[in-house]
Structures are given as C-alpha cells and as structure tokens.
Asks: 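Before I ask anything, here is the structure I am working with.
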Amino acid sequence: MRKQLNIQHNISLKPYNTFGIDVLAKSFIAVSSVEELKDVFTLAEYDTKFILGGGSNMLLTKNVDALVVKVDLKGKEILSEANNTSFVKVNAGENWHEFVLWTLENNLGGAENLSLIPGNVGTAPIQNIGAYGVELKDIFHSCEALNTETLALETFSLEACQFGYRDSFFKRNKGKYIITAVTFNLTNKTHQLNISYGAIEAELKAQDITTPTIKDVSNAVISIRKSKLPDPKELGNSGSFFKNPVVSTQQFDVLIKNHPNMPHYVVSDSEVKIPAGWLIEQCGFKGKRFGDAGVHKNQALVLVNYDQASGAEIWDLALKIQQTVQEKFNITIEPEVNVY
Ligand code: EPU
C-alpha cells in the first residue's frame with residue numbers, strides 16, 4: 001500500500017537552511033521515494049512547490065508561501081567496476097560530504113578535492129559545485145531527474161547537463177526538473193590526483209607528504225576549508241555568496257594598472273576571472289559585522305549569520321557590498337546563492 005503523504009503546516013525552515021534563517025513554510029513534506037515525489041506533484045491543492053535539498057545554497061528572505069518539498073531520497077550503490085572505472089549511483093538526498101567519505105573508504109578516486117562541501121548529492125549538479133581545481137562535472141556520468149510536468153523520470157548525460165562555472169542546464173531551467181539520483185564515474189585502482197592548486201600543495205608539504213593518497217588529499221582539503229570557511233553548524237552561512245566575476249581583457253588591462261596586486265586567472269584569450277573575495281576585502285568589508293549579519297573574517301566571499309539575522313538583513317548587506325565593489329572597481333559581482 002502507498003504511504004500516506006505526511007504534509008505539515010507552518011513549519012520553521014531554520015533547521016533546513018545552512019544560513020539558519022528562521023522563516024516559515026506554509027506547508028512542508030519530506031519525500032523518501034520517487035513514487036512519493038510523483039504523488040506530491042499530483043496534489044491539485046498545492047500548485048506551487050519549493051524544492052529543498054541540503055539548503056546550503058540559498059538565502060531565504062521571506063516566508064515560503066508554497067509546499068516545501070524536501071528531497072530525502074537515500075541510498076548509494078556501486079553499479080559496476082572495471083578497467084579502473086567504477087560507476088556509482090547515489091540518490092539525491094544523500095549528504096555530499098558523507099558520500100565523499102564513503103568513496104574514500106571504498107578506495108574510489110575523483111571526489112577527494114570536493115571534501116567538506118555542504119549540501120546534498122542531488123543539488124550538487126545544479127551549480128556544478130567546485131573547489132581546489134575540480135568540479136562536479138569532472139566525475140559526473142549522468143543523472144536521473146523527474147520532469148515536473150510529465151512526471152516521467154529522464155536521464156541526463158554529461159553533455160545534456162551543459163555544465164559551466166557554477167552553472168548547468170538545471171540552474172537555467174529552474175522548476176522543470178528535480179534530480180533524483182546521480183551516477184559518478186570514479187577511479188578504483190590508479191587515481192589521478194589533482195594537487196596543482198597552490199593551497200593543497202602547501203598543505204601536503206607542511207605535512208611532509210610526498211606521495212599522497214586520495215585520503216591525504218581529502219584531509220588537506222578539509223584542513224584548508226576549516227581554516228578559511230566557517231562550519232554552518234557553528235556559524236550560519238552558504239559558502240561563497242558571490243561568483244567570481246569574469247571581465248574582458250581590455251577592462252582587466254585597466255584594472256591591473258591601477259591595482260598591480262590584484263589576483264586573477266586567465267579564462268580565455270578575451271576573458272580574465274577575478275576573485276570576488278579579494279575585491280570585497282579591498283572595499284573594507286572583511287570581518288565586518290552589521291547587527292547579526294556579517295562578512296567572514298577569513299574569507300570575504302562568505303556572508304555569515306551570527307545568530308538572529310533575517311534573510312533581508314543579509315540581503316541588504318549583500319547589496320551594499322555589490323554596490324561598493326561596483327563603485328570602486330566598475331565590476332558587477334553576482335550572487336552565487338539562490339535568493340528567495
Ligand atoms: N582572497 C582575498 N581575500 C579574501 C578571499 C580571497 O584576497 O577574503 C584572494 C585569495 O588570496 C586568493 C584568491 O582570492 O588569491 C582566491 O581565494 P580562494 O582560493 O579562497 O578561492 P575563491 O576564488 O575565493 C573559490 C570558490 C570556493 C572554493 C575555492 C577553492 C567560487 C565562488 N568560490 O573561492 O567555493 O572553495 O575557490 O577552490 O568560485 C563555494 O562555492 O561555496 C566555495 C566555497
């Protein structure tokens with residue numbers, strides 16, 4: 001017999017978003033199977049749905065006047081193992097970092113640089129999570145997603161996902177699909193480590209590790225992240241609040257004349273990426289606190305909720321930062337998080 005849908009009303013979303021913003025959901029349901037998810041979409045009385053994964057990439061500025069659907073699909077399995085490749089299928093509601101730890105226990109390589117990123121497996125492809133020289137797309141094989149109009153499960157290949165920097169087909173087509181499971185492509189014998197990112201090299205050197213394992217790389221990433229990024233369990237935050245802006249080479253030539261120390265990465269012949277954290281720090285915001293909203297002391301790209309900040313207060317701070325960066329550098333920085 002089908003499980004009865006357990007819809008609750010006027011539920012605080014504070015435990016469900018890593019910023020720790022206390023807003024109410026008009027209605028709320030946690031779904032633990034694809035069948036249940038489909039059933040939710042047949043409910044005529046709840047015409048607007050708000051899909052929630054790990055709640056790690058959103059800023060809630062008001063009560064959610066919709067049915068909040070928390071995707072709680074659990075489970076992971078190794079589908080096949082051959083020729084140094086293991087295909088691993090993971091359901092959307094699994095916690096991302098627990099999945100990474102599980103890959104290490106099973107000697108599966110590829111996800112180690114993505115250690116300690118908050119959020120769930122099913123939301124990771126939406127913004128193509130990335131850190132320390134690796135992006136989700138590098139280990140992604142395919143995913144299954146529920147088409148919210150036809151209620152059919154569809155499979156998306158790597159190409160179909162159109163991954164870009166913190167971007168994907170799913171990000172550009174909000175509300176059309178809900179990712180239910182992701183299949184990864186991991187190495188199981190010889191691992192190709194990606195340790196060229198300066199901070200990883202330095203951390204491994206500091207620990208006297210010359211021939212690192214995937215576990216060593218993961219540990220290095222964990223210690224770098226812990227030193228720079230606040231733990232959402234201790235201090236509400238959503239990771240990088242802004243994306244790193246990309247400017248034209250012409251604009252960059254002018255900027256670097258005026259700011260010779262500006263860090264930058266060449267993206268292509270015509271574009272250069274500039275770390276938003278540096279721009280924000282130059283504007284004097286690093287470590288600043290305005291009521292309970294603030295800019296993290298170790299990484300200016302991260303906005304924090306000291307305890308009781310409202311989403312609107314954090315958003316006001318974000319706008320103030322955006323405007324100051326615009327005035328000082330003539331660069332527009334765009335939020336990375338989803339603002340509701
Ligand atoms: N910087 C500053 N001041 C700051 C922060 C950074 O001057 O307050 C400078 C650093 O000195 C460095 C440069 O900016 O020269 C880059 O800093 P970092 O290595 O910390 O990386 P990031 O560009 O600020 C990105 C990702 C992070 C990811 C790191 C490491 C985005 C928006 N953010 O940050 O991702 O962990 O690289 O790969 O691309 C996230 O998306 O939530 C996230 C934390």
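From a predicted model like this one, the values you see are computed outputs, not experimental measurements. Counting starts at 1 for both ligands and their atoms, in listed order.
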Asks: When only distance counts, is Pro263 in polar contact with ligand 1, meaning an N/O pair under 3.5 Å?
Replies: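 Between Pro263 and ligand 1 (N or O atoms, distance only) the closest approach is not under 3.5 Å.
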Asks: Any N or O on Lys243 sitting closer than 3.5 Å to an N or O of ligand 1?
Replies: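 There is no such contact.
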Asks: Could you verify whether a donor N or O on one side chain and an acceptor N or O on the other, from Ser168 and Asn128, lie under 3.5 Å apart?
Replies: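 No, no side-chain donor-acceptor contact under 3.5 Å.
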Asks: What residues form a side-chain contact (heavy atoms from CB on, under 4.5 Å) with Val34, not counting sequence neighbours?
Replies: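 Once residues adjacent in sequence are excluded, the partners of Val34 under the side-chain contact (heavy atoms from CB on, under 4.5 Å) criterion are Lys38, Leu73, Leu153, Thr180.
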Asks: When you measure from atom 8 (O) of ligand 1 to every protein heavy atom, which one gives the shortest distance, and what is it?
Replies: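 Its nearest protein heavy-atom neighbour is Ala300 N, 2.8 Å.
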Asks: Among Gln299, Glu336, Lys273, His264, whose heavy atom sits nearest atom 24 (O) of ligand 1?
Replies: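 Heavy atom nearest to atom 24 (O) of ligand 1 belongs to Gln299.
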Asks: Is the closest basic N to carboxylate O distance between Asp231 and Lys226 below 4.0 Å?
Replies: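 Salt bridge between Asp231 and Lys226, a charged N being under 4.0 Å from a carboxylate O: no.
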Asks: Specify whether Phe184 and Phe140 have parallel, tilted or perpendicular ring planes, treating 30° as the upper limit for parallel and 60° as the lower limit for perpendicular.
Replies: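 Aromatic pair Phe184/Phe140 classed perpendicular.
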Asks: Over all heavy atoms of both residues, which pair between Pro245 and Thr332 is shortest? Give the atoms and the distance, please.
Replies: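 Scanning both residues completely, I find the closest heavy atoms to be CB-O, 3.9 Å.
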Asks: Quick check on atom 40 (C) of ligand 1 - does any protein heavy atom sit closer than 4.0 Å to it?
Replies: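 True for atom 40 (C) of ligand 1.
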Asks: So, 4.0 Å and heavy atoms of Gln282: is ligand 1 close enough to count as a contact?
Replies: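 Distance cut 4.0 Å: Gln282 fails for ligand 1.
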Asks: Using a distance-only test with no angle check, is there a side-chain donor-acceptor pair under 3.5 angstrom linking Asp216 and Thr213?
Replies: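 Side-chain D/A pair, Asp216 to Thr213: present.
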Asks: Nearest to atom 1 (N) of ligand 1, what protein heavy atom do you find, and at what distance?
Replies: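 Closest protein heavy atom to atom 1 (N) of ligand 1: Trp278 N, 3.8 Å.
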Asks: Exactly one of Trp315, Phe50, Phe19 should register a ring pair (Phe, Tyr, Trp, His ring centres under 6.0 Å) with Tyr340. Which one does?
Replies: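 Single pass found, and it is Phe50.
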Asks: If I apply the N/O under 3.5 Å rule, does Glu281 come out as touching ligand 1?
Replies: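 Yes; at least one N/O pair falls below 3.5 Å.
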Asks: With a cutoff of 4.0 Å, is Arg225 in contact with ligand 1, counting heavy atoms of the residue only?
Replies: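 True for this residue.
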Asks: What residue and heavy atom of the protein are closest to atom 26 (C) of ligand 1, and at what distance?
Replies: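 That would be Arg166 NH2, 3.4 Å.
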Asks: Nearest to atom 44 (C) of ligand 1 by heavy atom, Gly239, Pro118, Ser240: which?
Replies: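 Answer by nearest heavy atom: Ser240.
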Asks: Given Tyr265, Tyr197, Phe241, Phe242, identify the one with the heavy atom nearest to atom 21 (O) of ligand 1.
Replies: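 Considering heavy atoms of Tyr265, Tyr197, Phe241, Phe242, the nearest to atom 21 (O) of ligand 1 sits in Tyr197.
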Asks: Relative to ligand 1, is Pro275 under 4.0 angstrom through side chain, backbone, both or neither, heavy atoms considered?
Replies: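 Side chain only.
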Asks: Check whether the side chains of Gln326 and Gln322 place a donor and an acceptor atom closer than 3.5 Å, and report yes or no.
Replies: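 No, no side-chain donor-acceptor contact under 3.5 Å.
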Asks: Under 3.5 Å, is there a donor on one side chain and an acceptor on the other for Asp292 and Gln308?
Replies: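 No, because no side-chain N or O of Asp292 sits under 3.5 Å from a partner of the opposite role on Gln308.
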Asks: Which one of Leu279, Asn244, Leu301, Leu229 has a non-hydrogen atom at the shortest distance from atom 23 (O) of ligand 1?
Replies: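 Among Leu279, Asn244, Leu301, Leu229, the closest heavy atom to atom 23 (O) of ligand 1 belongs to Asn244.
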Asks: Scan the protein's non-hydrogen atoms and note whether one is under 4.0 Å from atom 11 (O) of ligand 1.
Replies: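 Flag for atom 11 (O) of ligand 1 set to false, no protein heavy atom closer than 4.0 Å.
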Asks: Among Ile78, Asn84, Leu79, find the one that has a side chain to side chain contact (heavy atoms under 4.5 Å, CB included) with Glu81.
Replies: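 Considering Ile78, Asn84, Leu79, a side chain to side chain contact (heavy atoms under 4.5 Å, CB included) with Glu81 is found only for Ile78.
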Asks: What protein heavy atom is closest to atom 17 (O) of ligand 1, reported as residue, atom name and distance in Å?
Replies: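 The protein heavy atom lying closest is Lys228 NZ, 4.3 Å.
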